[in-house]
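See structure below.
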Amino acid sequence: MAEPLKNIYSPSFLMNLGQTIQAVDSSFPVEAFVEKVMNDHWEELALKARIRHISNVLGALLPNRYEDAIDILLEVNRHCSGFPYLILPDYVEVYGQANEHFELSMRALEAFTQQSSAEFAVRPFIIQNPERMMKQMRAWSMSENEHVRRLASEGCRPRLPWGQALTEFKQDPAPILPILTQLKADPSLYVRKSVANNLNDIAKDHPEIVLHIAQKWIGQHPHTDWIVRHGCRGLIKKAAPEVMALFGYTASSKEVPLAEDAEIIVTPDQIRIGDVTELKYNLLIRTSGTARIRLEYGIDFVKSSGKVSRKKFLLSDKTAQEGARLSGSRIHRWADLTTRRHYPGLHRIILLLNGQEIAETQVQLEL
């Protein structure tokens with residue numbers, strides 16, 4: 001079992017951080033820092049709560065004057081890199097939001113993000129003053145440093161995981177679009193992934209905006225095509241006709257069915273929560289010529305209320321020839337996850353081709 005991520009903040013890490021700070025500021029009390037961080041409630045704290053707790057302890061032990069504290073942390077930043085040092089931008093989020101500190105806080109976040117990442121720390125600044133902050137983000141989108149350019153996109157994602165939701169941008173993503181346009185052919189995959197994830201966020205609230213962008217951008221550059229495809233992944237899962245047509249997925253009709261002789265079989269078909277099943281599928285492609293296909297299976301999971309909610313799982317995404325027979329198997333695990341709990345009942349399992357149901361079966365799930 002993997003060790004919890006929060007345990008990266010170990011006593012040895014804290015001691016090393018304290019000593020690094022002390023090398024810059026000889027008055028910094030290393031032992032007191034470690035002792036104050038690892039108080040009686042330390043073990044109860046989750047990852048983000050630990051980061052915030054460390055920031056608060058730093059705030060109590062570093063110089064009271066924000067400018068002096070940031071000077072120390074900027075020097076510390078030169079000797080630190082990696083995920084654990086999210087502490088540094090978090091310090092800016094906690095102590096640097098006053099208007100008179102804005103320029104200094106932006107310089108600090110620009111430096112800190114190059115060693116770890118500052119996408120969480122910028123969000124309170126966006127919420128507090130979206131116009132001023134998005135002007136800063138647009139400037140960052142033109143940086144020579146890929147980490148800074150990535151911050152411009154990642155920091156303004158409307159639905160950033162673990163981050164504060166940007167409700168205003170959920171309602172109207174217009175302020176984000178100039179940044180994404182600036183980065184739409186970025187040479188860095190690190191940046192392109194962020195742009196695509198931002199588009200995918202926007203598509204959850206405004207699919208028509210992302211569809212329009214995709215239609216406008218596609219074919220301009222290979223990097224842009226990758227962003228468009230990855231950014232539309234949620235819309236592809238929903239099999240919206242305009243999106244499927246944009247990416248070349250062959251449509252099915254009553255006159256020209258895309259497949260026939262399709263079946264999906266589950267073994268065993270009576271299981272308990274925590275068990276595994278084997279899904280076997282088989283179908284014959286019947287379209288003329290070649291066809292771009294996306295083969296998935298979906299499960300209508302029974303919820304605690306008795307209603308069902310469908311989750312899709314990708315089996316294949318490729319070009320197939322007319323007359324090709326596609327078959328295969330997949331192991332599906334019915335164990336509870338942090339993102340999904342299972343409830344007893346009859347679960348429908350569907351085979352989907354380009355978003356269309358072509359076969360089904362069912363499994364009885366028991367406690």
Side-chain angles (χ1 to χ4, degrees), residues 4-6 8-9 45-56 58-59 81-97 101-102 105-106 108-141 143 145-180 183 186 188 190-206 209-210 227 230-231 233-234 338-339:
L5 187 56
K6 69 179 186 178
I8 58 175
Y9 297 113
L45 299 180
L47 175 64
K48 288 199 72 177
R50 288 191 174 190
I51 292 173
R52 180 55 51 86
H53 177 54
I54 296 171
S55 296
N56 288 333
L58 286 174
S81 65
F83 179 87
Y85 294 97
L86 288 173
I87 297 163
L88 303 184
D90 191 72
Y91 182 91
V92 175
E93 178 182 343
V94 174
Y95 296 101
Q97 291 192 51
H101 295 151
F102 183 84
S105 292
M106 294 304 103
L109 291 177
E110 183 173 340
F112 294 157
T113 202
Q114 296 179 50
Q115 299 293 91
S116 56
S117 185
E119 70 256 31
F120 304 115
V122 299
R123 298 173 81 80
F125 289 91
I126 295 174
I127 293 169
Q128 182 180 24
N129 193 333
E131 185 175 348
R132 186 181 190 185
M133 192 61 201
M134 291 306 287
K135 182 179 179 180
Q136 176 65 64
M137 303 282 272
R138 290 192 294 273
W140 280 338
S141 73
S143 171
N145 186 283
E146 67 174 345
H147 296 272
V148 178
R149 298 197 305 275
R150 189 239 184 202
L151 175 61
S153 170
E154 195 73 4
C156 64
R157 284 180 56 182
R159 294 173 174 269
L160 179 68
W162 290 7
Q164 289 179 265
L166 299 180
T167 304
E168 183 175 337
F169 291 170
K170 284 184 183 180
Q171 297 171 351
D172 179 13
I176 303 173
L177 303 184
I179 291 173
L180 304 188
L183 300 173
D186 198 275
S188 168
Y190 187 49
V191 176
R192 295 198 299 274
K193 285 181 178 179
S194 177
V195 175
N197 288 337
N198 202 320
L199 284 173
N200 189 54
D201 280 3
I202 295 171
K204 293 174 182 177
D205 300 299
H206 301 279
I209 291 177
V210 174
I227 288 172
H230 197 59
R233 64 188 184 275
T338 56
T339 55

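Remember, it's a predicted structure, so these values are computed and weren't measured experimentally. Positions are given from 1, in the same order as the sequence printed here.
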| message | Counting C-beta onward and ignoring hydrogens, is there a side-chain heavy-atom pair between Trp140 and Met106 closer than 4.5 Å? | response | yes
Minimal heavy-atom distance between Phe125 and Ala121, with the atoms involved, is CD1-O, 3.3 Å
Q: Apply side-chain contact (heavy atoms from CB on, under 4.5 Å) to Asp201 and Phe169, showing your working.
A: CA-CA 10 Å; Asp201 280 3; Phe169 291 170; over 6 Å; no
Check: Is there a donor-acceptor pair closer than 3.5 Å between any side-chain N or O of Lys48 and the backbone N or O of Trp162?
Finding: yes
Exercise. Within a reach of under 6.0 Å around NZ of Lys135, are more than 12 heavy atoms found that belong to other residues, nucleotides or ligands?
Worked result: no
Practice task
Answer yes or no: is there a donor N or O on one side and an acceptor on the other, between the side chain of Arg157 and the main chain of Glu154, under 3.5 Å?
Solution key: no
*Do the non-hydrogen side-chain atoms of Leu58 and Tyr95 ever get within less than 4.5 Å of each other?*
no
Value for CG (Asn198) from OG (Ser153), rounded to nearest 0.5 Å, stands at 4.5 Å
Separation between CD1 (Ile51) and CG (Asp90), nearest 0.5 Å, reads 6.5 Å
Rounding to 0.5 Å, atoms CG (Leu199) and CZ (Arg233) come to a distance of 9.5 Å
Value for CD (Gln128) from CZ (Phe102), rounded to nearest 0.5 Å, stands at 9.0 Å
For the backbone of Gly96 and the side chain of Ser105, can you confirm whether one donor and one acceptor N or O come within less than 3.5 Å of each other?
yes
Note to self: I'd like to know if the side chain of Tyr9 and the backbone of Pro84 have a donor-acceptor N/O pair within less than 3.5 Å.
What the structure shows: yes
- Item | Gln97 (side chain) donor-acceptor with Glu93 (main chain) under 3.5 angstrom | yes
- Item | Short side-chain donor-acceptor distance under 3.5 Å, Arg159 and Asn197 | no
- Query: Are any side-chain N or O atoms of Arg138 and backbone N or O atoms of Ile179, one a donor and one an acceptor, separated by less than 3.5 Å?
  - Reply: no
Applying ring-ring contact (aromatic ring centres under 6.0 Å, His included) to His147 and not counting sequence neighbours gives Tyr190
Fill in: Evaluation steps, side-chain contact (heavy atoms from CB on, under 4.5 Å), between Leu166 and Arg123
CA-CA 8 Å; Leu166 299 180; Arg123 298 173 81 80; 3.3 Å; yes
Notebook entry, point to check: Around atom NZ of Lys193, are there more than 12 heavy atoms of other residues, nucleotides or ligands at under 6.0 Å?
Noted result: no
Looking at Glu110, is its backbone amide N or carbonyl O close enough to the side chain of Gln114 to form a donor-acceptor pair, meaning the two atoms are under 3.5 Å apart?
yes
CG (Leu88) and OH (Tyr91) are apart, to the nearest 0.5 Å, by 10.5 Å
(message) Do Arg150 and Ser188 make a side-chain contact, defined as non-hydrogen atoms from C-beta onward lying under 4.5 Å apart?
(response) no
For the CD atom on Glu168, are there more than 12 heavy atoms of other groups (residues, nucleotides or ligands in this structure) within a distance under 6.0 Å?
no
Closest heavy-atom pair, Val92 versus Ala108, reported as atoms and distance to 0.1 Å, is CG2-CB, 4.0 Å
Heavy-atom closest pair (Ile202 atom, Pro173 atom, distance to 0.1 Å) is CG2-CG, 3.8 Å
Within-4.5 Å side-chain heavy-atom neighbours: Ile227 and Leu180: no
In the structure I gave you, are the side-chain heavy atoms of Val195 and Asp186 within less than 4.5 Å of one another anywhere? no
Review point. Quick check: does any side chain N or O of Thr113 sit under 3.5 Å from a backbone N or O of Ala118, one acting as donor and the other as acceptor?
Key: yes
Here the gap from Glu146 atom CD to Arg149 atom CZ, rounded to the nearest 0.5 Å, amounts to 6.5 Å
Tell me, do Ile126 and Met137 make a side-chain contact under 4.5 Å, heavy atoms counted? yes
